[in-house]
Amino acid sequence: MHTETLQLHNSDGRKLQDFIPIEPRKVRLYCCGPTVYDYAHIGNLRAYTHWDILRRTLTLFDYQVKHVMNITDVGHLSDNADSGEDKMLESARRQEMSVWEIADFYTKAFFKDIERMNILLPHIACRATEHIPEMIELVQRLIERKLAYVESGNVYFDTAKYPEYGRMALIGKQNLQHGSRVDIDENKHNPLDFVLWFTKGKFEHQAMLWDSPWGRGYPGWHLECSAMSTKYLGERIDIHTGGVDHIQVHHTNEIAQSEGVLGHRWVNYWIHNEFLIMKNQKLSKSEGEIITLQSLCDMGFHPLDYRYFILGGHYRTQLIYSQESLENARMARKSLNHRVGSLKEDIEARKTGGGVNSETGDSNFANTVNAVTGSKDDFGHSGTARIKSFRAALGEDMNTPRALAELWLLLKDRNTSPEQKLSTVLEMDKVFGLDLANISVENSEKLNGELNELLDRRQRARKAGDWTTADQIRDTLLKLGWKVSDRPSGPKLEKL
Ligand code: AMP
Ligand code: ZN
């Protein structure tokens, strides 16, 4: 078992690999960011949450991370390749706003969502529209290297001149068909070629235009990531992330542009998250069904309930969204908060001489003195063992479901003192990001009140012979992590 090694699944080669940074203890991380033409849907937020876990995992493994993310505010067409409508333009027309206003509005909305989900902000968030000169320079260099050609005013990447084209996508060129079949661009020498710079586009009303050596126009979508990542992270990047939908076109084209111009391998590890799906369908804006973080909040969920829900699935497996499974995540998080609140209560009580621990009913712990007087890193024997298996879980391609299981095992462990438990839990939460450090004793008292209320309701239901309601409440308590048993003296709650 790897405890100290971080293994990641590299889409470029499709295998698990030990993570080895370019520079010792430093990581250059680039994450493909949002196209700001609408609110992020919860599928998009799944992607950003996993990259947040990636960044926090890297920090747990003692790496210093420089995290860069782009904001696409120009040029993203609806089919990811060179056809379809311009997403920004279409949204501006629909909402009767300028494209600039649309970009500004949805960029702010995006960062608000990110903050609410406790996702760490990238160190650099760069807008495509603020990096047009860098993109033009990249196109010039590709033309100089004869990897691009000008045809009828547009500049195209010449895939025939780049033998490695499609390496990561693992599909032979003959099978890779970008662009919709009805919308083949006659100017392309090869159907796989893609636009680097548009001057003659389908979009006569394109509002975002810049002067270039090839005429007034705008960049192809893929260009921004190649240009901005090099500007902020240099010519070699450790990790580049995105959703699996980006493997075939966007990232394939990014690799062609960057490696074409740089003349060497560009990204060492490509990490792609699987999709959040609903009813076996893609949760995409183009299919009309879009659930935002705000819609979850309107249903009474906390953004961190959704974060907890995401942590319950491995990033490389599809996650099926349903209100019921989100409800389960909410219950589990509530129970987690309660346990952490109780731990804090116990620790307070012991400090003030109270002494009886509600976790174990015993105030006499081995190692307690060590834990209280020891350093912040002193997790005690079982805490240290748990942290080890927690690290091992994350080290195996960021296995968050297993890491969560470790957290619960720790909480249920009766041989660890509250102090050791709490410090270990808070250490784990540096990766989970569930804001456990801020759980207050009052929160836990609030939950105590809710538990009592549930117990009362169940008792009333039982007295009235309403066994269905009584059973439902018992199940709710079970989901919250409490087993209720009926004794002659009355109902008794036991922590699971
Ligand atoms: P976009 O704003 O469309 O460029 O998407 C932002 C990020 O979300 C990209 O990395 C996509 O690959 C990712 N993404 C899109 N849809 C989903 C989904 N349903 N589940 C998970 N990730 C998604
Ligand atoms: Zn990108």
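Source: prediction; values computed, not measured. For ligands, and for the atoms within them, numbers begin at 1 and follow the listed sequence.
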Output yes when the distance from some N or O of ligand 1 to some N or O of [X] is under 3.5 Å, and no in every other case.
X: L276; value: yes
X: R46; value: no
X: F275; value: no
X: G43; value: yes

For this session: Please find the N/O/S atom of E254 nearest to the Zn ion (ligand 2) and write down its name.
Result: OE2
Problem set entry | Donor-acceptor pair between S258 and E254 side chains, under 3.5 angstrom | no
For this session: Determine whether the side chains of D113 and Y48 contain a donor N or O and an acceptor N or O closer than 3.5 Å.
Result: no
Using a strict 4.0 Å cut-off to heavy atoms of [X], name the atoms of ligand 1 that fall inside it.
X: P34; value: 2 (O)
X: E274; value: 21 (C)
X: D245; value: 11 (C), 12 (O)
X: H41; value: 16 (N), 17 (C), 19 (N)

Problem set entry | Neighbour count above 12 (heavy atom, 6.0 Å) for E115 CD | no
Problem set entry | ligand 1 versus H246: contacting region, heavy-atom distance under 4.0 Å | side chain
Problem set entry | Which segment of N273 sits under 4.0 Å of ligand 1 when only heavy atoms are counted | side chain
Problem set entry | Test of ring centre spacing under 6.0 Å for F19 and Y63 | yes
Exercise. Is the centre of the W221 ring less than 6.0 Å from the centre of the H246 ring?
Worked result: yes
Exercise. Between R46 and F275, is NZ or CZ placed under 6.0 angstrom from the six-membered ring centre and within 45° of the ring axis?
Worked result: no
How about [X]: does one of its N, O or S atoms come closer than 2.8 Å to the Zn ion (ligand 2)?
X: H250; result: yes
X: H222; result: no
X: H251; result: no

For this session: Please test D62 against R25 for salt bridge (charged side-chain N to carboxylate O under 4.0 Å, His left out), starting from the C-alpha separation and ending with a verdict.
Result: CA-CA 7 Å; D62 291 329; R25 308 254 62 90; 5.4 Å; no
Problem set entry | Check ion pair E90-R94 (N to O, under 4.0 angstrom) | yes
For this session: Look at the rings of H250 and H222 and say which category their plane angle falls in: under 30° parallel, 30 to 60° tilted, over 60° perpendicular.
Result: tilted
